[in-house]
*Asks:* 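Below: one structure in structure tokens.
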Number of protein chains: 2
Amino acid sequence: MRVTELANAMDTTPDTVRYYTRIGLIVPIKSPNNGYKTYGKKTQQRLKFILSARQLDFSVEEIKGILSESDKGNTACPLVREIVEHRLAETEKQFQATLILRKRLKKAMDDWQSKPNKAPTGDMICHLIEGESEGDAHQRGNNG
Amino acid sequence: MRVTELANAMDTTPDTVRYYTRIGLIVPIKSPNNGYKTYGKKTQQRLKFILSARQLDFSVEEIKGILSESDKGNTACPLVREIVEHRLAETEKQFQATLILRKRLKKAMDDWQSKPNKAPTGDMICHLIEGESEGDAHQRGNNG
DNA sequence: CTTACACCTGTGCCTAAGGCATGGGTCAAG
DNA sequence: CTTGACCCATGCCTTAGGCACAGGTGTAAG
């Protein structure tokens with residue numbers, strides 16, 4: 001199988017396959033006559049795993065860790081459980097953040113409904129936004 | 001005001017201020033004796049606008065467009081309304097995606113509760129994930 | 001055999017919004 | 001002058017691929 005063929009079979013893009021190849025997640029055999037990368041059944045299995053993990057929003061780095069463990073013959077399951085737990089917590093945060101953003105956007109649209117458009121003054125760029133930031137603490141970078 | 005001072009006053013980081021400076025969103029005066037960047041009141045106002053817009057998840061590129069319009073003396077309000085509308089739609093999508101991911105993660109944790117850890121076989125890397133991808137179509141990159 | 005042409009391949013550069021490390025400059029106290 | 005604390009500008013690094021480019025491959029026609 002060559003890159004596009006594999007990509008189609010796994011319902012992903014050739015660029016994605018190339019990317020995973022480039023960073024060593026999957027290892028093809030170089031065809032000796034034309035230098036094209038050739039992927040076998042085992043690699044397809046591996047790619048399937050990678051894509052499934054990506055579906056759960058595992059980062060590529062995390063997947064690399066899992067595969068590394070598995071390649072040494074060890075169970076990757078505990079690691080997988082840990083990651084999924086962490087990912088769920090992260091998703092919960094993301095969820096809340098999106099909620100807040102949505103509320104904020106809706107409020108903005110609502111508030112602006114009645115306001116006219118104004119040309120910028122020396123003190124204001126767009127009164128829609130600048131009249132808006134009361135009672136809402138900003139957040140410095142407290143990420144995870 | 002120098003970079004850190006401005007950053008503290010606006011409750012953001014010096015790196016952020018430097019970034020906006022670097023890409024020309026805000027323009028400081030170079031202090032002639034030490035080469036330090038110095039920011040005035042007008043710039044602080046501008047930065048406030050930028051940060052408020054970022055709170056609404058406007059991209060920096062979008063903000064650049066708004067400021068460019070405003071700098072020419074034109075109303076940026078229609079553009080702002082348009083962006084906020086678009087952003088709201090985008091957020092809605094994001095919201096749904098996060099919901100799906102959360103459901104998927106929760107289901108995974110649930111399903112795995114009863115399953116043991118297994119060493120990888122020749123055909124499987126981690127049975128938790130590989131047994132999981134039934135009845136769930138993958139998605140090729142159909143983004144917006 | 002050669003030509004034509006569609007499709008395919010590998011490589012390298014690009015992204016968003018800053019974060020971080022480095023090497024040096026500045027300011028006040030002693 | 002020297003120490004030390006803090007501050008500054010600059011440049012590289014990050015994700016997960018996307019995209020453009022230049023050239024190779026394969027098949028049909030001549």
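A, B, ... follow the sequence lines: proteins, then strands. Residue 1 opens every chain. All figures in this text were calculated on a predicted structure; none of them were measured in a lab.
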*Asks:* Should A/Thr13 be listed as having a side-chain N or O under 4.0 Å from OP1 or OP2 of D/dG18?
*Replies:*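 It does, given that an N or O in the side chain of A/Thr13 lies less than 4.0 Å from OP1 or OP2 of D/dG18.
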*Asks:* Is it possible for you to say whether B/Leu47 and B/Ile23 belong to one hydrophobic cluster, with membership spreading through side-chain heavy-atom contacts below 4.5 Å?
*Replies:* yes
*Asks:* Does B/Arg18 come within less than 4.0 Å of B/Asp15, counting only side-chain N to carboxylate O?
*Replies:* yes
*Asks:* Round to a whole Å and report the spacing from CD1 of A/Ile23 to P of C/dT11.
*Replies:* 15 Å
*Asks:* Do A/Met10 and A/Tyr36 sit in one hydrophobic cluster, given that two such residues count as connected whenever their side-chain heavy atoms are within less than 4.5 Å of each other, even indirectly?
*Replies:*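 Shared cluster, no.
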*Asks:* Can you check each nucleotide of nucleotides 9-15 of chain D against protein heavy atoms at under 4.0 Å and return B for base, S for sugar-phosphate only, - for none, in 5' to 3' order?
*Replies:* BBBB---
*Asks:* Take the protein atom CG of A/Leu47 and the nucleotide atom P of D/dG17, then report the distance between them rounded to whole Å.
*Replies:* 11 Å
*Asks:* Can you tell me the distance, in whole Å, between the CZ atom of B/Arg87 and the P atom of C/dA16?
*Replies:* 12 Å
*Asks:* Please state whether the phosphate of C/dC7, meaning OP1 or OP2, lies under 4.0 angstrom from any side-chain nitrogen or oxygen of A/Thr4.
*Replies:* no
*Asks:* Would you kindly give the CD-to-C1' distance between B/Glu5 and C/dT26, to the nearest whole Å?
*Replies:* 15 Å
*Asks:* Nearest whole angstrom, please: distance from the P of D/dG17 to the NZ of A/Lys64.
*Replies:*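 About 13 Å, once rounded to whole Å.
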*Asks:* So, A/Arg102 and B/Glu92, do they make that salt bridge, N to O below 4.0 Å?
*Replies:*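 Yes, A/Arg102 and B/Glu92 are salt-bridged.
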*Asks:* Any side-chain N or O of B/Arg2 under 4.0 Å from OP1/OP2 of D/dC8?
*Replies:*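 Yes, B/Arg2 has a side-chain N/O under 4.0 Å of OP1/OP2 on D/dC8.
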*Asks:* Whole angstroms only, please: what is the CD1-C1' distance between A/Ile26 and C/dG10?
*Replies:*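 One finds 14 Å between C1' of C/dG10 and CD1 of A/Ile26, rounded.
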*Asks:* How long is the line joining CD of B/Glu62 and C1' of C/dT15, in whole Å?
*Replies:* 15 Å
*Asks:* Counting just side-chain N and O atoms, does B/Arg54 come under 4.0 Å of either OP1 or OP2 of C/dG18?
*Replies:* yes
*Asks:* Does the pair B/Thr21 and B/Tyr39 meet the rule for a side-chain contact (heavy atoms from CB on, under 4.5 Å), with working shown?
*Replies:* CA-CA 10 Å; B/Thr21 304; B/Tyr39 301 88; 2.7 Å; yes
*Asks:* Taking only Lys NZ, Arg NE, NH1 and NH2, and the carboxylate oxygens of Asp or Glu, determine whether B/Asp71 and B/Arg46 approach each other closer than 4.0 Å.
*Replies:*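 A salt bridge links B/Asp71 with B/Arg46.
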*Asks:* Figure out the CE/P separation between B/Met1 and D/dC7, and round it to whole Å.
*Replies:* 14 Å
*Asks:* Would you mind reporting whether B/Ile66 and B/Ile83 have side-chain heavy atoms less than 4.5 Å apart?
*Replies:*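 Sidechains of B/Ile66 and B/Ile83: in contact.
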